[in-house]
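Take a look at the structure below.
In what follows, every chain begins at residue 1, and chains take the letters A, B, ... in the order their sequences are listed. Values in this document were obtained by computation on a predicted structure and should not be read as measured data.
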Amino acid sequence: RKEVEQDPGPFNVPEGATVAFNCTYSNSASQSFFWYRQDCRKEPKLLMSVYSSGNEDGRFTAQLNRASQYISLLIRDSKLSDSATYLCVVGYNFNKFYFGSGTKLNVKP
Amino acid sequence: GAGVSQSPRYKVAKRGQDVALRCDPISGHVSLFWYQQALGQGPEFLTYFQNEAQLDKSGLPSDRFFAERPEGSVSTLKIQRTQQEDSAVYLCASSLAGDYGYTFGSGTRLTVV
């Protein structure tokens, strides 16, 4: 079983839509959680850290559910420029990080 | 420097050839990671350094893979006797501390022919 699992998608949504991705992790000792964004043929870039209390950054909201071992990313008012692959990252001991395979998002005009 | 720098950006190697991939992390970043990303997959952990100490190399797929960071700054990932299954993008990332998330370099795309 993989450490981090994500629905690969693709999620095809119209501009302005709200879309949510989930990611589940297997290690209950996991301590840190992140969402990264990766554009085609580019390196992953940190989108946001995920905190137990949930956190918001503009149109993006991330939440952590430790009991069920999943994290989520909500994108409101989708823009064409949001089209990318979103990678869920889970870490423990602060030196062991596992990536999901990514969820592909296509925002259509 | 301002970001994590990796070189070369692209490398084509003949099967059996040795290659060396370089990573220049953000100045002052203690943690350095190497990842391997196959097409359509998420990055897979290879190895981790804290300063010059290689604390975890559990992700290295075989003894043909070797990484070093002798002075706690620049790191080199070496692959000996390359094979076709080694073809992938090799990403380096550095972090001030693990809980801040980390910054990736642009990667080296290795193609073994």
Side-chain angles (χ1 to χ4, degrees), chain A residues 1-10 21 23-27 29-52 55 57 60 62 64 71 73 84-106, chain B residues 2-7 9-10 21 23-26 29-51 53-60 67 69 88-111:
Chain A
R1 183 184 173 190
K2 293 193 76 171
E3 293 277 344
V4 180
E5 306 227 31
Q6 292 183 252
D7 181 343
F21 313 132
C23 158
T24 58
Y25 60 94
S26 60
N27 190 334
S30 299
Q31 297 163 310
S32 53
F33 309 88
F34 307 93
W35 282 101
Y36 277 73
R37 170 196 168 124
Q38 187 170 29
D39 294 288
C40 189
R41 294 185 169 266
K42 299 282 190 181
E43 73 277 17
K45 292 192 174 169
L46 179 64
L47 181 64
M48 57 200 304
S49 301
V50 187
Y51 304 116
S52 296
N55 47 301
D57 183 2
F60 298 84
L64 167 64
I71 68 174
L73 178 68
T85 295
Y86 290 83
L87 297 162
C88 168
V89 182
V90 172
Y92 63 98
N93 292 336
F94 299 114
N95 62 7
K96 198 94 175 183
F97 295 89
Y98 294 97
F99 282 75
S101 297
T103 298
K104 189 171 174 58
L105 172 66
N106 295 318
Chain B
V4 178
S5 177
Q6 289 188 249
S7 61
R9 187 70 195 273
Y10 302 95
L21 313 180
C23 171
D24 208 329
I26 293 174
H29 276 197
V30 167
S31 301
L32 185 145
F33 302 80
W34 283 98
Y35 282 84
Q36 180 190 59
Q37 187 171 25
L39 193 65
Q41 299 296 315
E44 296 278 348
F45 170 81
L46 292 177
T47 187
Y48 161 69
F49 288 87
Q50 188 171 60
N51 296 307
Q54 188 175 22
L55 298 186
D56 191 333
K57 54 182 181 179
S58 62
L60 296 176
R69 192 186 186 197
V89 176
Y90 290 85
L91 293 162
C92 174
S94 71
S95 174
L96 192 59
D99 54 341
Y100 289 98
Y102 39 114
T103 303
F104 280 89
S106 300
T108 294
R109 184 176 296 277
L110 173 66
T111 303

Heavy-atom side-chain contact between Phe97(A) and Tyr35(B) under 4.5 Å: yes
Residue part contacting chain B, namely of Gln6(A), when any heavy atom lies under 4.5 Å: neither
Proximity breakdown for Glu44(B) and chain A, heavy-atom pairs closer than 4.5 Å: side chain
Ring-ring centroid check Phe99(A) Phe104(B), cutoff 6.0 Å: yes
Closest non-hydrogen atom pair between Pro43(B) and Leu87(A), with its separation: CD-CD1, 4.1 Å
Donor-acceptor side-chain pairing of Glu43(A) and Gln6(B) below 3.5 angstrom: no
Minimum heavy-atom distance Arg9(B)-Arg41(A), with the two atoms named: NH2-O, 4.1 Å
